[in-house]
K.L.:
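I have a structure I would like to understand better, so I am pasting it below and will then ask my questions one at a time.
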Amino acid sequence: MAEHNITGKKGEEMALEYLLSKGFSIIEKNWIYKKFEIDIIAQQNKTLVVAEVKTRSGNYFGEPEAWVTRIKQKQLVKGAEAYVLQKKLDLEVRFDIITVLFSIKGEPKIQHIEDAFYPLV
C-alpha cells in the first residue's frame, strides 16, 4: 500500500476515535453508493453528520480542508441525499470536515470544522 494511503487510513481512524470521544455515534465508515463515497457518517443527537476526512503529512500545499473542493462538496451532498433516501431517515444533515495534520515534531493535530459547507440550491 502506498505511503499516502497508509497516512489516509491512519487519519480516518484518528477521526473516528475523535468523534467517538466527543459522543458521536458512528453509523458508517467509507460508505460507498454508485460513484459516491462518504468517509464517515455519524449521528449527534438528531443530526446526521457527513464527515469528510483530509489527512496530510504537512501543510506546505495548503491547509487540508482547502482540498474539499466544490466538486467534492457536490458529491458529498448527492451521496448524503442517496443515503438518507436509502435508509428512510428523517434527520437534519450537517456536513463537517475533519483534518488530521501529521508533523515531524509532536502529536498529530486534529481539527473538526462543523458546518464546513452547505448544499448549494
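All figures in this text were calculated on a predicted structure; none of them were measured in a lab.
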K.L.:
Indicate the atoms forming the closest heavy-atom contact of M14 with F102, along with that distance.
P.N.:
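Closest pair (atom of M14, atom of F102, distance): SD-CZ, 3.8 Å.
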K.L.:
Quick check: are there more than 12 heavy atoms from other residues, nucleotides or ligands sitting under 6.0 Å from NZ of K109?
P.N.:
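It does not: K109 NZ has 12 such atoms or fewer within range.
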K.L.:
Should the heavy atoms of other residues, nucleotides or ligands under 6.0 Å from CD of E107 be counted, would the total exceed 12?
P.N.:
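12 or below, so no.
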K.L.:
Any non-hydrogen side-chain atom of L16 less than 4.5 Å from a side-chain atom of V53?
P.N.:
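The answer is no, as the side chains (C-beta and beyond) never meet within the 4.5 Å cut-off.
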K.L.:
Can you tell if the side chain of K87 reaches within under 4.5 Å of the side chain of E28, non-hydrogen atoms only?
P.N.:
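In contact.
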K.L.:
What's the shortest heavy-atom distance between V100 and G11, and which atoms?
P.N.:
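Here V100 and G11 meet closest at CG2-O, 3.6 Å.
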K.L.:
At their closest point, which heavy atom of L91 faces which heavy atom of K46, and how far apart are they?
P.N.:
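In terms of heavy atoms, the two residues are closest at CD2-O, 3.5 Å.
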K.L.:
Mind checking the CD-NZ spacing from Q44 to K22? Nearest 0.5 Å is all I need.
P.N.:
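Those atoms lie 11.0 Å apart.
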K.L.:
Check the surroundings of atom CG in D90: do more than 12 heavy atoms from other residues, nucleotides or ligands lie under 6.0 Å from it?
P.N.:
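No - once you tally the heavy atoms of other residues, nucleotides and ligands closer than 6.0 Å, there are 12 at most.
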K.L.:
If every non-hydrogen atom of D39 is compared with every non-hydrogen atom of A51, which pair is closest and at what distance?
P.N.:
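The answer is CB-O, 3.4 Å.
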K.L.:
Stepwise, does the side chain to side chain contact (heavy atoms under 4.5 Å, CB included) test hold for E12 with N30?
P.N.:
CA-CA 9 Å; E12 284 185 8; N30 298 316; 3.0 Å; yes
K.L.:
Are Y83 and V50 packed together at the side-chain level, in the sense that at least one heavy-atom pair is separated by less than 4.5 angstrom?
P.N.:
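A side-chain contact under 4.5 Å is absent here.
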K.L.:
Do Q111 and E65 touch side chain to side chain, with heavy atoms closer than 4.5 Å?
P.N.:
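Sidechains of E65 and Q111: in contact.
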K.L.:
I'd like to know if the side chain of Q73 reaches the main chain of V68, judged simply by a donor and an acceptor atom lying under 3.5 Å from each other, with no hydrogens or angles considered.
P.N.:
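Present.
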K.L.:
Answer yes or no: are there more than 12 heavy-atom neighbours, outside I71 itself, under 6.0 Å from its atom CD1?
P.N.:
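Atom CD1 in I71 is not packed in, count stays at 12 or less.
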K.L.:
Tell me, with the steps shown, if E13 and K29 meet side chain to side chain contact (heavy atoms under 4.5 Å, CB included).
P.N.:
CA-CA 10 Å; E13 288 302 317; K29 60 181 184 175; 3.6 Å; yes
K.L.:
Between CD1 of I110 and CG of L101, what distance do you get to the nearest 0.5 Å?
P.N.:
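One finds 10.5 Å between CD1 of I110 and CG of L101.
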K.L.:
Do D96 and H112 make a side-chain contact, defined as non-hydrogen atoms from C-beta onward lying under 4.5 Å apart?
P.N.:
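Yes, at least one pair of side-chain atoms sits under 4.5 Å.
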K.L.:
Quick one: do R94 and E92 satisfy salt bridge (charged side-chain N to carboxylate O under 4.0 Å, His left out)? Show the steps, please.
P.N.:
CA-CA 7 Å; R94 185 177 83 206; E92 293 291 320; over 6 Å; no
K.L.:
Carefully, step by step, assess E52 and F117 under the rule side chain to side chain contact (heavy atoms under 4.5 Å, CB included).
P.N.:
CA-CA 11 Å; E52 175 68 8; F117 61 91; 5.8 Å; no
K.L.:
OG/S25 to CG/N45 distance, rounded to the nearest 0.5 angstrom?
P.N.:
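CG of N45 is found 9.0 Å from OG of S25.
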K.L.:
Roughly how far apart are W31 CH2 and F36 CZ, rounded to 0.5 Å?
P.N.:
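Here the interatomic distance stands at 8.5 Å.
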K.L.:
Decide side chain to side chain contact (heavy atoms under 4.5 Å, CB included) for I98 and L19; before the verdict, give the C-alpha distance in whole Å, the side-chain angles of both, and the deciding distance to 0.1 Å.
P.N.:
CA-CA 10 Å; I98 300 172; L19 289 174; 3.7 Å; yes
K.L.:
Minimum heavy-atom separation for I38 to A80, with atom names?
P.N.:
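Minimum heavy-atom contact is CD1-N, 3.8 Å.
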K.L.:
How far apart are the closest heavy atoms of L76 and E37, and which atoms are they?
P.N.:
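Closest approach of L76 to E37: CD2-O, 3.9 Å.
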